[in-house]
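Heads up, the thing below is written out as structure tokens.
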Protein chains: 2
Amino acid sequence: MNLRYDEVVRSGIAKQVAENIRSAIMDGRLKIDERLPTEDDLARSFGISRPTVREALKRLAAQNLIHSRRGPQGGNFVKRPDPEGLSKAITGAATLLVGVGAFDIDEIVTARLETETICCRLACENRQEEGLQAMAAEILVQQDASISDEEFCASDVRFHRALIDSSGNGPLKLMMYTVIEAFIPITNMIVFRVRERRQVVAYHTQIIDAVRARDAGAATAALSELLSYVRTSYSAALDARGKREKT
Amino acid sequence: MNLRYDEVVRSGIAKQVAENIRSAIMDGRLKIDERLPTEDDLARSFGISRPTVREALKRLAAQNLIHSRRGPQGGNFVKRPDPEGLSKAITGAATLLVGVGAFDIDEIVTARLETETICCRLACENRQEEGLQAMAAEILVQQDASISDEEFCASDVRFHRALIDSSGNGPLKLMMYTVIEAFIPITNMIVFRVRERRQVVAYHTQIIDAVRARDAGAATAALSELLSYVRTSYSAALDARGKREKT
DNA sequence: ATCCAATATTTGTCAAACCTATATTTAAAT
DNA sequence: ATTTAAATATAGGTTTGACAAATATTGGAT
């Protein structure tokens, strides 16, 4: 272990140290599950104080790069990167972006349509009973008229997640969890008023039937109709809001 | 500002405080560019020490949620979420995942093919002179035989980035930067030995010409050929490695 | 040999100070 | 009167030193 910072810039020591250790992890000088030197040793070897070291370590912990244990044989350890955690982090940040209005609904719907179409196709090729069952379960939930809008939306998200999972493609899943968790709610929430749940469920059913039959054409067609339905519902909701504001 | 933590659990005060402030930002109780209370005030109002508050703030800074300025009128401020920063963070984490072998080349290539095909189509619809120029510039770079493999790879990444940018779809760009920055290098590096730069450049040229002519069919066809070329080159590289290991 | 308690190690938290950057204000010089 | 330069106050950045809490190891008693 040879962590030492090369050039002392004026400020942000903690940041530099974090960056230093981070790059050591990234290029493999620190391996997975390896223990870092103790905080005291780090402080000594970097020539800084322990709280500063800790600030640096907290930055890394926030990025899910390390975790810590107390006690003897404890310490700070390089964490094995997990797609699940990354997905969550991306989703949170993407949700913020959406909340801030960084994207307009039209491009979100387009992105959803294009990317989920891929998933439909791959799901048809790679059809697994597990994914089909997960989707079917969500359809059952959605048919229950007593659930709230929020629950319906959550089930909607899970349905599309299952569709993505069925693609069986890891990198694609990583990319798309973002879209789903962050982008579906914003489209749904706006649209709820005008939107017929039964219509949505009908499209979902079409999709799952098509995937089961390995009919990619039918699956993507149903998806396309679902999203154009969402798009028109959104326009309708906007119009309604416009009228209300005129009064 | 009314940040206070509800229940004291046993450990991880800094983590809790970070989570507390984080949720305040997420659900809008803290607005963009708003100043948090001073670290001393936070420490007082949470009933903890300042170093602990700072650890919490560092976590948030690492997640790009806040930034700090010194001096009077300084303090910690809620940061406007920016797609650029998020992309970088995702890329870093995704690169780690790739490095750890979380995905195999085949699914990466598939994901690239499918998603970049979308970009090709949208780029044809949304063709902008700016994007075309950026792509053309990279082709010029790639034709220079004197550049290193690393430089060629970097230019390759920039070319595909420009292609994505040309789609003009923000959410899609967000998703795809991940793929490009993290997934192109791994495919390229393995393949360099066997791969003909001229061939790659030829495909790139086909793509840009097709986009310029708004011929989505030709563009996606060229992309598909490029990636199947990458895929076969990869197999060849694997075979070569296999033979070498037999000796 | 087994179990329990003392111990050592390492992270977690705290306290009080000092350093450093910077916006504002004040005072001086033009 | 205006501009410039220095003093000041503020708030983050860092240090020192200590104590608390968790936990694997060690040593002693049964």
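Bear in mind that the values here come from a model prediction, so they are computed numbers and not experimental data.
Residue A:Arg35 contributes atom CZ, which lies 13 Å from atom C1' of D:dT23 at whole-angstrom precision. Here the C1' atom of nucleotide D:dG13 and the CD atom of A:Gln16 are 12 Å apart, to the nearest Å. Rounded to an integer number of Å, the gap from CZ of B:Arg70 to P of C:dT24 is 17 Å. Protein atom CG of A:Leu57 is 8 Å distant from nucleotide atom P of C:dT11, rounded to whole Å. Between B:Ile48 atom CD1 and D:dA20 atom C1' there is a gap of 16 Å when expressed in whole angstrom units. Rounded to whole angstrom, the span from the CZ atom of A:Arg54 across to the P atom of C:dT10 amounts to 14 Å. The distance from atom CG of B:Leu36 to atom P of D:dA11 is 13 Å, rounded to the nearest whole Å. When rounded to the nearest whole Å, the span between CD of A:Glu39 and P of D:dT15 equals 14 Å.
Side-chain contact of B:Asn169 with B:Ser167: a donor-acceptor pair under 3.5 Å is absent, judged by distance alone. Counted by atom type alone, B:Thr38 and B:Asp40 present zero donor-acceptor pairs between their side chains at under 3.5 Å.
Among the heavy atoms of the strands lying under 4.0 Å from B:Arg69 are primed sugar atoms or P, OP1, OP2 only; no base atom is included. Nucleic acid contact class of B:Asp40 (heavy atoms, under 4.0 Å, all strands): none.
Nearer to the 5' terminus of DNA chain D, by closest-nucleotide assignment, is the contact made by A:Thr52 (compared with the other of A:Thr52 and A:Gln73). Residue order along DNA chain D, read from the 5' end via each residue's closest nucleotide, puts A:Pro51 first among A:Gly71 and A:Pro51.
By the 4.5 Å heavy-atom criterion applied to side chains, A:Ile25 and A:Ile32 are not counted as neighbours.
Closest to the B:Ser49 side chain, of the nucleotides C:dT13, D:dT10, D:dT16, is C:dT13. Residue B:Thr38 has its side chain nearest to D:dG12 when only D:dG12, C:dT9, C:dA21 are considered.
Taking 4.0 angstrom as the limit, A:Lys58 places a side-chain polar atom (N or O) nearer than this to OP1 or OP2 of C:dG12. Between D:dA11 and B:Asn76, no contact under 4.0 Å exists linking OP1 or OP2 to a side-chain N or O. Side-chain nitrogen and oxygen atoms of A:Ser68 include at least one within less than 4.0 Å of the OP1 or OP2 phosphate oxygen of C:dG12.
No hydrogens or angles were tested; on distance alone, a donor-acceptor pair under 3.5 Å links the side chain of A:Arg50 to the base of C:dG12.
When the shell of 6.0 Å around CD of B:Glu130 is examined, it contains 12 or fewer heavy atoms from other residues, nucleotides or ligands.
The cationic group of B:Arg112 does not satisfy the cation-pi geometry with B:Phe183, failing either the under 6.0 Å distance to the six-membered ring centre or the 45° limit from the ring axis.
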